[in-house]
Amino acid sequence: MDYEHKAKAVGDCLLSYKRDESGWKVCKKSNDVVVSWRPSSEFPGNVYKGEGIVSGSPEKVWECLKPVPSGLRVKWDNNVKRFELLEQITEDISICRTVTPSAAMGIIAPRDFVDVILVKQYEDGTISSNATNVSHSGCPPQSGYVRGFNHPCGCVCVPIAGEPNKTQVFSFFQTDLGGFLPRSVVDSFFPSSMAEFYSNLSKAVKSLKGL
């Protein structure tokens, strides 16, 4: 599999989601985030977009978000139980396995996901993680986990001009959770889960010292 090609394509895809304002319907608003959705063109489900301002510099926010095995995300993100590096392809591209705990009061069983992840930096200081599902010989489906599939997803941290201690954070989720979940469970899970994601991210950034 051409992992580099797939990684670059997902970077372009996420940028197009961020730029394309059409068709999004707001499904949840909180102090931290506005969550919208529209039908996915990748699979028979939805793509969800979160947009919010986090109090903290882009460096601090990225420190909490960056997709590395020993990173902070497993500590604050309730939907990431474990994060494993399967293969480093280039400096900016890796293959990783993410393990998620059971959710929705046990209705959603533990899942695992295998993704190619591209970390991309832009000239204006924007930094993003971009991921999509791949297969990898080092990580076949495992007992105890339902194998889910992430379609193009990720987070984009955008500096705010004149506000060095604030960061605009876009997040995109479009996940086939696998298994036999009722559509209503999936549709109610993502908006509330994303609102919690922003709330917990804000707390994690606030607790960082010395950056």
For this session: Output the distance between atom OG (Ser135) and atom CZ (Phe149), rounded to the nearest 0.5 Å.
Result: 9.0 Å
For this session: Taking Thr126 for its side chain and Tyr122 for its backbone only, find out whether a donor-acceptor pair lies under 3.5 Å.
Result: no
Exercise. Shared ILVMFWY cluster between Ile93 and Val119, side chains joined below 4.5 angstrom?
Worked result: no
For this session: Report yes or no: does Ser94 contribute a side-chain atom to a donor-acceptor pair with the main-chain N or O of Thr90 at less than 3.5 Å?
Result: no
Seminar exercise, completed: Pro164 and Pro58 have their tightest heavy-atom pair at O-CD, 3.9 Å
Exercise. Can you list the steps and then say if Ile53 with Asp32 is a side chain to side chain contact (heavy atoms under 4.5 Å, CB included)?
Worked result: CA-CA 7 Å; Ile53 305 291; Asp32 300 299; over 6 Å; no
For this session: Given side chain to side chain contact (heavy atoms under 4.5 Å, CB included), test Glu63 with Leu208 step by step and report yes or no.
Result: CA-CA 9 Å; Glu63 189 63 28; Leu208 275 186; 4.1 Å; yes
Exercise. Would you say Thr175's side chain and Leu177's backbone share a donor-acceptor pair under 3.5 angstrom?
Worked result: no
Problem set entry | Donor + acceptor pair across side chains of Asp115, Asn150 (<3.5 Å) | yes
Exercise. Looking at Phe170, does the NZ or CZ of Lys18 lie under 6.0 angstrom from its six-membered ring centre and within 45 degrees of the ring axis?
Worked result: yes
Problem set entry | Nearest atoms (heavy-atom pairs only) where Gly56 meets Thr167 | O-OG1, 2.7 Å
Exercise. What is the distance from atom CG of Leu118 to atom CD1 of Ile89, rounded to the nearest 0.5 Å?
Worked result: 12.0 Å
For this session: Tell me, please, whether Tyr145 has Arg97 positioned over its six-membered ring: NZ or CZ under 6.0 Å from the ring centre and within 45 degrees of its axis?
Result: yes
Seminar exercise, completed: Minimal heavy-atom distance between Arg73 and Cys155, with the atoms involved, is NH1-SG, 4.4 Å
Exercise. Salt-bridged, Lys8 to Asp2, with N to O below 4.0 Å?
Worked result: no
Exercise. So, for Val47 and Pro39, which heavy atoms are closest and what is the spacing to 0.1 Å?
Worked result: CG1-O, 4.2 Å
Problem set entry | Verify same cluster id: Trp62, Val205 (apolar side-chain graph, 4.5 Å) | yes
Problem set entry | Path from Val80 to Phe113 over hydrophobic side-chain contacts below 4.5 Å | no
Exercise. Do Gln174 and Ser40 have side-chain N/O donor and acceptor atoms under 3.5 Å apart?
Worked result: yes
Exercise. Atom CG of Asn46 and atom NE2 of His151: how far apart are they, to the nearest 0.5 Å?
Worked result: 12.0 Å
Exercise. So, the side chain of Lys66 versus the backbone of Val61: is there a donor-acceptor pair under 3.5 Å, distance only?
Worked result: no
For this session: Give, for atom CD1 of Ile117 and atom OH of Tyr3, the distance between the pair rounded to the nearest 0.5 Å.
Result: 13.0 Å
Exercise. Ser171 and Tyr198: side-chain donor and acceptor closer than 3.5 Å?
Worked result: yes
For this session: Look at the side-chain heavy atoms of Ile, Leu, Val, Met, Phe, Trp and Tyr, link any pair under 4.5 Å apart, and say whether Leu65 and Phe173 land in one connected group.
Result: yes
For this session: Go through the steps to decide whether Leu201 and Val54 satisfy the test side chain to side chain contact (heavy atoms under 4.5 Å, CB included), and finish with yes or no.
Result: CA-CA 8 Å; Leu201 171 60; Val54 175; 4.0 Å; yes
Problem set entry | Pair Trp76 + Phe197: ring centers closer than 6.0 Å | yes
Exercise. Phe83 versus Cys96: any side-chain heavy-atom pair under 4.5 Å?
Worked result: yes
Problem set entry | Separation of Trp37 CH2 from Met194 CE (nearest 0.5 Å) | 13.5 Å
For this session: Answer yes or no: are there more than 12 heavy-atom neighbours, outside Lys6 itself, under 6.0 Å from its atom NZ?
Result: yes
Exercise. How many angstroms lie between CD in Glu21 and OG in Ser36, if you round to the nearest 0.5 Å?
Worked result: 9.0 Å
Problem set entry | Gly178 to Val146 - nearest heavy-atom pair and separation | C-CG1, 3.9 Å
Problem set entry | Test item: Arg147 side-chain N/O and Pro140 main-chain N/O as donor-acceptor pair under 3.5 Å | yes
Exercise. Between the side chains of Asp112 and Thr100, does any donor sit under 3.5 Å from an acceptor?
Worked result: no
Exercise. Minimum heavy-atom separation for Gly23 to Arg38, with atom names?
Worked result: O-CB, 3.3 Å
For this session: Report yes if the distance between the aromatic ring centroids of Tyr48 and Phe190 is under 6.0 Å, otherwise no.
Result: yes
Problem set entry | Val26 vs Val35, side chain to side chain contact (heavy atoms under 4.5 Å, CB included): CA-CA, chis, key distance, verdict | CA-CA 6 Å; Val26 174; Val35 181; over 6 Å; no
Exercise. Does the side chain of Asn130 pick up a donor-acceptor pair with the side chain of Ser128 at under 3.5 Å?
Worked result: yes
Exercise. So, Arg19 side chain and Leu14 main chain: donor-acceptor pair closer than 3.5 Å or not?
Worked result: no
Exercise. Would you call Arg82 and Glu84 a salt bridge, taking side-chain N to carboxylate O under 4.0 Å as the test?
Worked result: yes
Exercise. Linking I/L/V/M/F/W/Y whenever their side-chain heavy atoms sit closer than 4.5 Å, directly or via other members, would Val114 and Met1 fall into one cluster?
Worked result: yes
